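Just so it is clear, the structure is predicted and the values come from calculations on it, not from any experiment.
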Amino acid sequence: MKETRALPQPGTLPDERGALFLWVRRGLPTAVSAVAFAGAALHSAGRGWWLLAGVAALAAAWPSFLRGEALLRNGAAIRRQDSIWAHAFRPIARWLGQEDAWILSYCGYNNQQVREAFSSHRARRALILLPHCIQMARCKAGILDDLEACYDCGLCPVGDYMNLVLTNRWEGRITNRSHKAYREAREYRPDLVVAVSCSDRLLKGLTKMPEIPCYVISLSLPHGMCVDTDFSVPHLLAAMETLVEPRRPSGEVQALRREGIA
């Protein structure tokens with residue numbers, strides 16, 4: 001049996017870079033509203049239409065100001081609206097060569113909202129969703145069927161994740177298809193999902209599951225899409241420590257370890 005490796009230590013949650021998305025999401029309708037009200041003040045003809053346009057623009061910007069309990073109560077509707085903005089400006093970002101930056105900014109803005117929503121009370125029923133591509137492509141361990149089949153060889157983040165799941169009694173799923181991840185989340189019915197994936201799939205997930213608050217962590221892709229990807233395990237641990245009520249048992253729980261290597 002192998003010696004137990006030291007588990008990753010939680011750091012602090014990084015500053016979420018959502019300023020770009022927030023500037024568009026809040027700044028654009030606010031600017032339109034200001035122009036409309038100015039038009040109403042300067043032009044008596046059609047003043048009612050100017051005022052109507054100003055109020056509509058303010059209504060579009062208003063959800064971006066909601067925080068805490070108000071955000072949780074109206075979360076699904078707000079996330080649907082936010083995803084519309086994210087998708088609407090994605091072609092422009094792609095044309096400017098900033099598509100990935102735009103999506104990650106939207107993800108950062110979403111994470112800011114989730115952190116504020118759970119700042120007063122932590123989630124009680126959280127679910128972690130991870131993609132199968134974090135496992136080494138040549139590894140034969142059947143982690144989709146049994147996470148503890150992992151050899152814990154240290155060559156990919158699955159071993160660290162397995163040990164943290166067992167130690168902290170987390171609920172987590174590793175899936176090889178997006179639709180399976182959505183099904184797992186809806187069947188488990190969590191009050192928070194912590195999801196790891198590439199930026200494109202994170203945007204898709206936030207769009208497909210607006211009814212569930214999701215804190216998202218982007219993959220790094222050193223070998224391209226879907227091949228031997230990686231992510232920050234300390235970031236995941238920090239998210240769980242910050243946003244979720246602990247379920248760690250009083251005694252030490254050691255992961256089962258199997259002899260072998262990927």
Side-chain angles (χ1 to χ4, degrees), residues 10 12-22 25-26 60-87 102-131 161 164-165 168-175 178-219 231-232 235-247:
T12 57
L13 284 178
D15 293 332
E16 306 293 350
R17 298 181 178 180
L20 174 61
F21 181 80
L22 180 61
R25 174 69 180 87
R26 181 186 296 172
W62 178 247
S64 68
F65 291 96
L66 295 180
R67 295 291 180 269
E69 291 296 330
L71 180 62
L72 282 177
R73 286 195 304 270
N74 303 281
I78 293 172
R79 283 186 288 272
R80 287 189 183 96
Q81 294 178 41
D82 291 343
S83 68
I84 291 173
W85 283 85
H87 284 286
W102 171 251
I103 295 174
L104 291 178
S105 180
Y106 169 54
C107 292
Y109 170 79
N110 169 82
N111 286 352
Q112 287 177 338
Q113 289 192 310
V114 170
R115 289 169 65 171
E116 291 176 6
F118 288 97
S119 60
S120 59
H121 65 279
R122 298 184 183 183
R124 294 177 178 271
R125 187 176 174 84
L127 178 68
I128 301 170
L129 295 178
L130 297 179
Y161 169 70
L164 289 173
V165 164
N168 295 281
R169 298 174 62 188
W170 292 343
E171 287 289 340
R173 309 286 189 271
I174 297 179
T175 60
S178 297
H179 70 273
K180 293 181 181 178
Y182 306 148
R183 184 178 67 243
E184 293 278 2
R186 291 191 172 103
E187 288 178 353
Y188 186 70
R189 304 183 69 180
D191 53 3
L192 174 68
V193 164
V194 178
V196 178
S197 193
C198 59
S199 59
D200 182 73
R201 289 295 180 265
L202 292 179
L203 174 59
K204 182 179 178 181
L206 291 173
T207 303
K208 293 286 188 180
M209 295 195 302
E211 71 276 15
I212 305 174
C214 298
Y215 183 92
V216 296
I217 299 172
S218 180
L219 286 172
F231 74 99
S232 171
H235 188 176
L236 173 64
L237 179 54
M240 295 297 291
E241 292 278 352
T242 303
L243 303 173
V244 182
E245 286 190 353
R247 299 175 60 185

In Å and rounded to the nearest 0.5 Å, what is the [atom1] to [atom2] distance from [X] to [Y]?
| X | Y | atom1 | atom2 | answer |
| --- | --- | --- | --- | --- |
| Y109 | Y106 | OH | OH | 9.0 Å |
| M209 | K204 | CE | NZ | 11.5 Å |
| I103 | R201 | CD1 | CZ | 10.5 Å |
| C107 | I217 | SG | CD1 | 11.0 Å |
| W85 | L22 | CH2 | CG | 11.0 Å |
| L13 | L243 | CG | CG | 6.0 Å |

Can you see which heavy atom on [X] is nearest to which on [Y], and at what distance?
| X | Y | result |
| --- | --- | --- |
| A19 | S105 | N-OG, 4.0 Å |
| L203 | T207 | O-OG1, 2.8 Å |
| K208 | E211 | O-OE1, 4.2 Å |

Legend entry - Matching residue for C214 among V193, L129, V194, N111 - test: side chain to side chain contact (heavy atoms under 4.5 Å, CB included):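 Among V193, L129, V194, N111, the one meeting side chain to side chain contact (heavy atoms under 4.5 Å, CB included) with C214 is V193.
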Is there side-chain contact between [X] and [Y], with heavy atoms separated by less than 4.5 Å?
| X | Y | answer |
| --- | --- | --- |
| P63 | N74 | no |
| L104 | S199 | yes |
| L164 | M240 | no |
| K180 | R183 | yes |
| Q81 | R25 | yes |
| H121 | E245 | no |
| V244 | L192 | yes |
| P131 | V196 | yes |

Legend entry - Qualifying residues under ring pair (Phe, Tyr, Trp, His ring centres under 6.0 Å), relative to Y161, sequence neighbours excluded: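 If we apply the ring pair (Phe, Tyr, Trp, His ring centres under 6.0 Å) test to Y161, skipping adjacent residues, there are no hits.
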Inset, instruction - With sequence neighbours left out, write down each residue that passes ring pair (Phe, Tyr, Trp, His ring centres under 6.0 Å) with W170, or none if nothing qualifies. - result: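 For W170 there are no ring pair (Phe, Tyr, Trp, His ring centres under 6.0 Å) partners, ignoring immediate neighbours.
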Exam field: side chain [X] to backbone [Y], donor-acceptor pair closer than 3.5 Å:
| X | Y | result |
| --- | --- | --- |
| W102 | A86 | yes |
| R122 | E241 | yes |
| Q112 | E16 | yes |
| S197 | L202 | no |
| D191 | R125 | yes |

Inset, instruction - Count the heavy atoms of every other residue, nucleotide or ligand shown that sit under 6.0 Å from CZ of R17, and state whether that count exceeds 12. - result: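 No, because the 6.0 Å sphere around CZ of R17 holds 12 heavy atoms or fewer from other groups.
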Inset, instruction - Give a yes or no on this: more than 12 heavy atoms of other residues, nucleotides or ligands lie within 6.0 Å of atom CZ of R124. - result: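 At most 12 heavy atoms, drawn from other residues, nucleotides or ligands, come within 6.0 Å of this atom.
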Inset, instruction - Start with the C-alpha distance between N110 and R79, add both sets of side-chain angles, then the distance that settles side-chain contact (heavy atoms from CB on, under 4.5 Å), and finish with yes or no. - result: CA-CA 8 Å; N110 169 82; R79 283 186 288 272; 4.3 Å; yes
Legend entry - Parallel, tilted or perpendicular: rings of Y215 and H235 (30°, 60°):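 Rings of H235 and Y215: perpendicular, as their planes differ by over 60°.
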